[in-house]
Amino acid sequence: MTSAGLSPALTGRKADPVSLKFEDNSLLPALYGEHDRNLARIEQLLGVSIASRGNCLTISGPAASAGSARDALMTLHKKIRKGRPVDLGEVDAAVRMANITDDEEIGGTVSSIVNTKRRLIEPRSAMQKEYLKALHENELVFGLGPAGTGKTYLAVAVAVTMLMSGRVNRIILSRPAVEAGERLGFLPGDLKDKIDPYLRPLYDALYDMMPADQVTKRLESGEIEVAPLAFMRGRTLANAYIILDEAQNTTPTQMKMFLTRLGENGRMAVTGDLSQVDLPLGAKSGLRDAVETLDGVEGTTFVRFTDVDVVRHPLVTRIVRAYNARDNRLVPPPGTAP
């Protein structure tokens, strides 16, 4: 019997079905999902067939896929036993993470599971796991890739845990105030009113991980600061976890200015998607410039996400892939005229 309460049994030959038997029938409705939709999702993602009879499941299909389905079901069962909800997003994540060893929650050692005040955050892809490890171990981490891969959300989660554990004294969250097709000056209100919409995703992440009164208190005390990139010039940011979001919309000069703010016991996470640059046509992205300039510099780590790591609605993955395919068709082969 496994620690998840399951007893997986592989029969003799390689292509034989995988069998799972569950001891606690009360957990099966949550595991299987309404109208067995969780099982159907695993079948769809892995190309296997899952038959249920009472408290037993039989998984048929290619050996590797059947094994991944078994591991995904064991992971989901373990979550349910701990009282965690399981939805289709969790099912997708369990399939992505199948066969990857579980870690314990953050304690005295590096882990890929982040326990904030309001929620337990686990990686939903192998690259997210690598990213969380990098955020804990390195002073400067670049998270690169498409929307929906958790680049900023996970960086904020690590920053919050480091603040709560005393490893840093404050969190500084920043974004360049660059418009995606709108003009900042046309927005109503004073400077704060104009800037806040650009910083809203950072506020949302904070409120998702900490009680609202704690966020308000720490914002007022300066332990958490949310500010546009322009406000960073001239500062030395020591004992802080600093996150620059939407970094593809910086200029090379702005990026250099930001990176050189790092002070003693400081850490930085820089996130961005080089396929969504909103700078004027012809202007070089500071993020692209930094990737080219800092490659190989000691203490700097680059984590590159792809469409495989998108953890939003499945349609987002298909959208990202469609745009990537279109862009690849527009790029002329090497050695040909543009």
Side-chain angles (χ1 to χ4, degrees), residues 131 135 140-156 159 171-189 191-206 224-235 237 240-262 267-295 300-307 309-310 312 316 319-320 323-324 326-327 330-331:
Y131 184 53
L135 290 169
L140 175 58
V141 178
F142 287 82
L144 311 169
T149 51
K151 304 181 299 294
T152 303
Y153 190 83
L154 294 177
V156 173
I171 298 172
I172 299 173
L173 308 174
S174 185
R175 295 182 82 181
V178 174
E179 313 86 19
E182 296 180 282
R183 294 298 179 187
L184 190 64
F186 293 155
L187 296 176
L191 180 61
K192 182 179 184 303
D193 294 328
K194 294 175 186 289
I195 290 171
D196 271 357
Y198 296 92
L199 305 177
R200 179 49 52 189
L202 300 175
Y203 285 112
D204 290 343
L206 284 173
I224 299 177
E225 179 182 348
V226 184
L229 178 60
F231 291 7
M232 296 295 105
R233 186 172 295 280
R235 304 177 64 182
L237 306 174
Y241 204 113
I242 311 135
I243 300 173
L244 176 61
D245 187 31
E246 298 290 343
Q248 74 274 7
N249 289 328
T250 62
T251 65
T253 300
Q254 288 174 325
M255 178 61 77
K256 180 181 177 182
M257 178 273 291
F258 175 81
L259 295 175
T260 53
R261 300 308 94 199
L262 186 65
R267 287 174 176 267
M268 279 186 172
V270 178
T271 68
D273 177 3
L274 286 169
S275 71
Q276 295 195 42
V277 177
D278 297 315
L279 294 171
L281 188 64
K284 185 172 185 178
S285 165
L287 179 58
R288 186 178 300 280
D289 185 69
V291 170
E292 296 169 355
T293 304
L294 301 179
D295 186 29
T300 302
T301 299
F302 297 89
V303 179
R304 292 174 169 85
F305 295 92
T306 67
D307 55 76
D309 303 297
V310 174
R312 290 181 184 167
V316 176
I319 290 171
V320 171
Y323 274 97
N324 287 343
R326 190 278 309 272
D327 292 342
L330 294 177
V331 176

Going by an N to O cut-off under 4.0 Å, is there a salt bridge joining Glu246 and Lys151? no

Smallest separation among heavy atoms of Ala205 and Val156, with atom names: CB-CG1, 3.9 Å

Using only atom types and a distance under 3.5 Å, with no angle test, would you say the side chain of Gln248 pairs donor to acceptor with the backbone of Val277? no

Less than 4.5 Å apart, side chain to side chain, heavy atoms only: is that true for Leu229 and Met257? yes

CG/Leu140 to CE/Met268 distance, rounded to the nearest 0.5 angstrom? 7.5 Å

Does the side chain of Leu173 come within less than 4.5 Å of Leu206's, by heavy atoms? yes

Could you tell me if the side chain of Ile242 sits less than 4.5 Å from the side chain of Phe258, heavy atoms only? yes

For the residue pair Pro252 and Asp289, what are the closest heavy atoms and their distance? CB-OD2, 3.7 Å

Using only atom types and a distance under 3.5 Å, with no angle test, would you say the side chain of Thr149 pairs donor to acceptor with the backbone of Gly145? no

Return the set of residues passing side chain to side chain contact (heavy atoms under 4.5 Å, CB included) with Ala283 (not counting sequence neighbours), or none when no residue passes. Leu279, Pro280

Just wondering, do Ile172 and Ile243 contact through their side chains at under 4.5 Å, heavy atoms? no

Minimal heavy-atom distance between Tyr131 and Gly150, with the atoms involved, is CE2-O, 4.1 Å

If we ignore hydrogens and angles and just use 3.5 Å, is the side chain of Arg261 paired with the main-chain N or O of Arg235 as donor and acceptor? yes

Heavy-atom count check: over 12 atoms from other residues, nucleotides or ligands less than 6.0 Å from Lys284 NZ? yes

Determine yes or no for a side-chain-to-main-chain donor-acceptor pair under 3.5 angstrom, with Asp309 supplying the side chain and Thr306 the backbone. yes

Side-chain heavy-atom pair Thr251, Met255 within 4.5 angstrom cut-off: no

For Phe142, which residues count as a ring pair (Phe, Tyr, Trp, His ring centres under 6.0 Å) partner, sequence neighbours excluded? Phe302

Please check if the side chain of Ser285 supplies one atom and the backbone of Asn249 the other of a donor-acceptor pair under 3.5 Å. no

Nearest heavy-atom contact between Pro176 and Leu244 is CD-CD1, 4.1 Å

With sequence neighbours left out, write down each residue that passes side-chain hydrogen bond (donor to acceptor under 3.5 Å, both in side chains) with Arg304, or none if nothing qualifies. none

Of Asp245, Thr250, Thr271, the residue whose pairing with Arg175 passes side chain to side chain donor-acceptor pair (under 3.5 Å): Asp245

Of all heavy-atom pairs between Ala155 and Leu135, which one has the smallest distance, and what is that distance? CA-CD1, 3.8 Å

Smallest separation among heavy atoms of Ala247 and Leu287, with atom names: O-CB, 3.5 Å

Working to the nearest 0.5 Å, report the span between CG of Leu237 and CD1 of Ile171. 13.0 Å

Counting C-beta onward and ignoring hydrogens, is there a side-chain heavy-atom pair between Leu144 and Val303 closer than 4.5 Å? no

